[in-house]
Amino acid sequence: MQKSGKSVMAWNVFKFCTALRALGSIMIVLVLGIIGVTYYVIVVANYGPALFHGGLDSFVAFLVLVLFHSLLVMLLWSYFTTVLTDPGGVPPNWRPSIDEESGDADPLVGLGYEGTDLALNQPATFGEPANPQLRVCRKCNQCKPPRCHHCSVCGRCILKMDHHCVWVVNCVGALNYKYFLLFLFYTFLLTTLVTLSLLRLFIAFFTDGVINGTPGTLVATFVTFVLNLSFALSIMGFLVMHISLVLGNTTTIEAFEKKTNPKWRYDLGRRKNFEQVFGVDKRCWFIPAYSEEDLECMPVLRGFEYPTRPDLDELQQL
């Protein structure tokens, strides 16, 4: 009975992952649809015509439209960069780097991880008693770099995997985590701007205030306000959570692992933790791209090597 229960559970998980893959194009259309309705309500129905009212109304409309279009461009840029960027996969037959002098595997891939039977069957540089704790993915049947996890939806191992996001139809990993955070950031700013811009109209729905427009425009305005308010509140909590993860040099998956080990070996201090995600070049912090200097000088941005705290490494070796 237990055996059949496990097979049923595995079948259900497989069906769930298949369903998530099928959501791909639907979620992109849904995101673009929400943006399209919001654009119509803000630009076409309300603040576009207000540009020609003159006086303070024109100034406010101009300010709202400039901010709206600026944030919209950054949101779409961040969104599609997250969607189209490979989060980082493990190359076929990947092997950990070897110290030529000592002959030992890089401690970044060998220490502090659970050993597996597969690891013990690898060649000398992978699983000899000197280094029996190399991580091996049982599904991919290959070695896993540090902080790498298998995604059942993508069907492969993802470098520094955070989670699989249905909204971006992609995994969030080492190579697109910054872009995902910027997508959250600009989405929060844009939805907050839209909510504040439509607040007076929303209040007028429940008072004696006069609202110009057709019934269809009024319905679209009401729905847009509710949607943007809901997204702003939910994304605010999500954004705060991810900011705390970045400052602690942790992913969503690793946050659960840290519960059993409060001393996190990758926590190098808030500034260095932040730079491992956003880079050192401040000019690129708020755009979904890295400078060439950061890509050349920061191996951590490639997702295979992560510096650790020497004091904790020494404790783990004792």
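Sequence neighbours left out, the pairs with a member in residues 32-65 that pass ring pair (Phe, Tyr, Trp, His ring centres under 6.0 Å) are Y39-F68, Y39-H69.
L63 and V43 end up in the same hydrophobic cluster when Ile, Leu, Val, Met, Phe, Trp and Tyr side chains are linked at under 4.5 Å. Residues L175 and V172 do not share a hydrophobic cluster, defined by chaining ILVMFWY side chains whose heavy atoms lie under 4.5 Å apart. V223 and V29 sit in two unconnected hydrophobic clusters of ILVMFWY residues. Membership requires side-chain heavy atoms under 4.5 Å apart, directly or through other members. Cluster annotation: F180 is not connected to V73 through the hydrophobic network of ILVMFWY side chains, with a link wherever side-chain heavy atoms come within less than 4.5 Å. The cluster map of Ile, Leu, Val, Met, Phe, Trp and Tyr, joined by side-chain heavy atoms under 4.5 Å apart, puts V194 and M74 in the same cluster.
Rounding to the nearest 0.5 Å gives a distance of 11.5 Å between CG of L72 and CG of L65. Put simply, SG on C151 and CG on D162 are 11.5 Å apart, with the number rounded to the nearest 0.5 Å. To the nearest 0.5 angstrom, N228 atom CG is 7.0 Å from L190 atom CG. Taking CG of L189 as the start and CG of L184 as the end, the distance is 11.0 Å to the nearest 0.5 Å. Taken to the nearest 0.5 Å, the OH atom of Y306 stands 6.0 Å off from the CG atom of L159. Residue F225 holds its CZ atom at 5.0 Å from CG of L199, rounded to the nearest 0.5 Å.
Side chains of C140 and V90 form no contact here, defined as non-hydrogen atoms less than 4.5 Å apart. Contact annotation: the side chain of R147 never approaches that of R135 to less than 4.5 Å [non-hydrogen atoms, C-beta and beyond]. Counting heavy atoms from C-beta on, the side chains of L76 and Y186 never come closer than 4.5 Å. A heavy-atom distance below 4.5 Å is found between the side chains of L181 and F278. Within the 4.5 Å cutoff, the side chain of I42 has heavy atoms near those of the L198 side chain. Two residues are said to be in side-chain contact when any heavy atoms from C-beta on lie closer than 4.5 Å; S152 and H164 fail this criterion.
Under the rule for a salt bridge (charged side-chain N to carboxylate O under 4.0 Å, His left out), the partners of R271 that lie at least two apart in sequence or sit in another chain are E275. T250 is linked by a side-chain hydrogen bond (donor to acceptor under 3.5 Å, both in side chains) to K258, counting only residues two or more places apart in sequence or in another chain. By the salt bridge (charged side-chain N to carboxylate O under 4.0 Å, His left out) test, D281 pairs with R283, sequence neighbours left out. Shown here are the ring pair (Phe, Tyr, Trp, His ring centres under 6.0 Å) partners of F185, two or more places apart in sequence or in another chain: there are none. Considering only residues two or more places apart in sequence or on other chains, L196 meets the side chain to side chain contact (heavy atoms under 4.5 Å, CB included) condition with T192. Take T81 and apply the side chain to side chain contact (heavy atoms under 4.5 Å, CB included) test, not counting sequence neighbours, and it matches W77, T85, Y179, P288. Residues forming a side chain to side chain contact (heavy atoms under 4.5 Å, CB included) with L295 (at least two apart in sequence, or on another chain): Y290, L301. Residues passing the side chain to side chain contact (heavy atoms under 4.5 Å, CB included) test with N273, sequence neighbours excluded: N249, D267, L268. Listed by chain and residue number, D86 satisfy the salt bridge (charged side-chain N to carboxylate O under 4.0 Å, His left out) test with R156 (two or more places apart in sequence, or in another chain).
Hydrophobic cluster membership of M161, counting Ile, Leu, Val, Met, Phe, Trp and Tyr whose side-chain heavy atoms lie under 4.5 Å apart directly or via other members: I158, I253.
When atom types are taken as modelled, the side chain of D57 and the backbone of A50 share no donor-acceptor pair closer than 3.5 angstrom. Looking only at distances, no side-chain donor or acceptor of S78 sits under 3.5 Å from a matching main-chain atom of L75. The closest donor-acceptor contact from the side chain of W167 to the backbone of M27 lies at 3.5 Å or more, if one exists at all.
The two residues Q276 and M298 come nearest to each other via the heavy atoms CA-CE, 4.3 Å. The shortest non-hydrogen separation linking V136 to K144 is C-CD, 3.8 Å. Closest heavy-atom contact between A174 and G303: CB-CA, 3.8 Å. The two atoms that bring K178 and A289 nearest to each other are NZ-O, 2.5 Å, heavy atoms only. Here the closest heavy-atom approach between residue V83 and residue N170 is recorded as O-ND2, 3.3 Å. The two residues F304 and P91 have their closest heavy-atom pair at CZ-CD, 3.6 Å.
Other residues, nucleotides and ligands contribute at most 12 non-hydrogen atoms within 6.0 Å of the CZ atom of R270.
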Table please: side-chain donor-acceptor pairs of residues 234-248 below 3.5 Å, with sequence neighbours left out.
unit_1, atom_1, unit_2, atom_2, d
S234, OG, S230, O, 3.0
S234, OG, F231, O, 3.1
H242, ND1, Y177, OH, 2.9
S244, OG, M241, O, 2.5

